[in-house]
Number of protein chains: 2
Amino acid sequence: MEAASDTMRSGDVEIRASDGLVLVAGKAVAMSVREYRLLTALVARQGRIVSREELYRLAWDASLRRGDRSVDVYVHKLRVKLEEALPGRAFIHTHFGFGYRFAPEPSRAFHNSETDR
Amino acid sequence: MEAASDTMRSGDVEIRASDGLVLVAGKAVAMSVREYRLLTALVARQGRIVSREELYRLAWDASLRRGDRSVDVYVHKLRVKLEEALPGRAFIHTHFGFGYRFAPEPSRAFHNSETDR
DNA sequence: CCGCGCCGTTCACGGGTTGTTCACGACGGC
DNA sequence: GCCGTCGTGAACAACCCGTGAACGGCGCGG
């Protein structure tokens with residue numbers, strides 16, 4: 001019941017590195033190798049914008065080639081799985097021209113700042 | 001030896017180490033030596049993903065050689081026996097590229113109005 | 001000694017998943 | 001409006017896994 005140092009948390013998302021297991025709201029969510037590594041890279045930098053180049057380096061162990069859309073495709077896959085496991089919450093946010101940012105937030109904010117960047 | 005409780009439980013699966021006995025939903029299920037050791041290894045780590053290498057080390061007392069499918073074959077045998085003893089429940093889950101995870105969960109029957117052709 | 005049945009290992013054939021790429025449309029900035 | 005960026009479904013090959021079956025070893029009873 002230990003596993004505190006090798007466990008990353010962010011809201012209801014928990015990643016146990018020792019088990020390669022991803023828990024969302026307490027339930028195990030099956031991830032492929034790429035999905036797992038990309039999610040790990042995003043959560044490890046939660047709250048900050050991470051460029052595609054860096055995400056690719058972290059999850060693919062290679063440098064992103066021009067025109068490669070792999071990161072976009074896998075961000076989409078992660079969004080689908082996370083949304084399915086915990087509807088009504090947005091985890092991965094797009095920052096146009098910069099990259100992606102992981103942060104557990106309600107998917108619909110009311111009268112709040114839409115000018116964030 | 002092990003002075004702790006020699007009985008492991010997980011849902012409706014009970015393993016009595018002192019007797020080498022496996023009970024599923026109260027009924028005794030006959031297991032071979034390999035099946036018993038593999039099941040024990042899985043239940044001892046229930047809820048976590050266990051790699052084939054680790055399972056092989058625990059149940060075979062040797063290191064898994066490349067291309068060896070023994071773990072897969074015995075996971076299949078366990079699934080058959082567990083499913084036979086308690087239909088409609090999934091115990092051993094496959095994590096593609098990672099390994100197997102033991103957890104008593106209802107087998108997927110949440111989809112409706114889509115089949116029938 | 002001989003046949004029989006159980007067990008463990010290995011092989012082989014699909015079938016299911018994954019990872020990559022393409023294509024097209026929606027979106028955002030200028 | 002124009003163009004680059006992003007979302008998303010689909011096609012494809014490569015790979016991983018499920019599964020039945022063949023093979024040999026071992027123990028047992030006749």
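Numbered from 1 within each chain, the chains take letters A, B, ... in sequence-line order.
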C:dT9 phosphate, OP1 or OP2, under 4.0 Å from B:W60 side-chain N/O: yes
Contact under 4.0 Å: A:S32 side-chain N or O vs C:dG19 OP1/OP2: yes
Salt bridge (charged side-chain N to carboxylate O under 4.0 Å, His left out) partners of B:E105, counting only residues at least two apart: B:R101
Gap between atoms [atom1] and [atom2], on [X] and [N] respectively (whole Å):
X     : N      : atom1 : atom2 : result
B:L38 : C:dG8  : CG    : C1'   : 13 Å
B:R65 : C:dC11 : CZ    : C1'   : 14 Å
A:Y36 : C:dG19 : OH    : C1'   : 19 Å
A:R66 : C:dT20 : CZ    : P     : 20 Å
B:D68 : C:dC11 : CG    : P     : 9 Å
B:L78 : C:dG8  : CG    : P     : 11 Å
B:M31 : C:dC6  : CE    : C1'   : 16 Å
A:E83 : D:dT8  : CD    : C1'   : 15 Å

Sequence neighbours excluded - salt bridge (Lys or Arg N to Asp or Glu O under 4.0 Å) pairs with any residue from residues 21-33 of chain A: none
Salt bridge (Lys or Arg N to Asp or Glu O under 4.0 Å) contacts in which one or both residues fall within residues 55-65 of chain A, not counting sequence neighbours: A:R37-A:D61, A:R65-A:D68
Close side-chain approach of A:D19 and B:F98, heavy atoms under 4.5 Å: no
Nucleotide-resolved protein contact map, nucleotides 9-21 of chain D, B/S/- at heavy-atom distance under 4.0 Å: S------SBBBS-
Counterpart residues, side-chain contact (heavy atoms from CB on, under 4.5 Å), relative to B:V50 (two or more places apart): B:R45, B:E54, B:L55
Set of ring-ring contact (aromatic ring centres under 6.0 Å, His included) partners for B:F102, sequence neighbours left out: B:F91
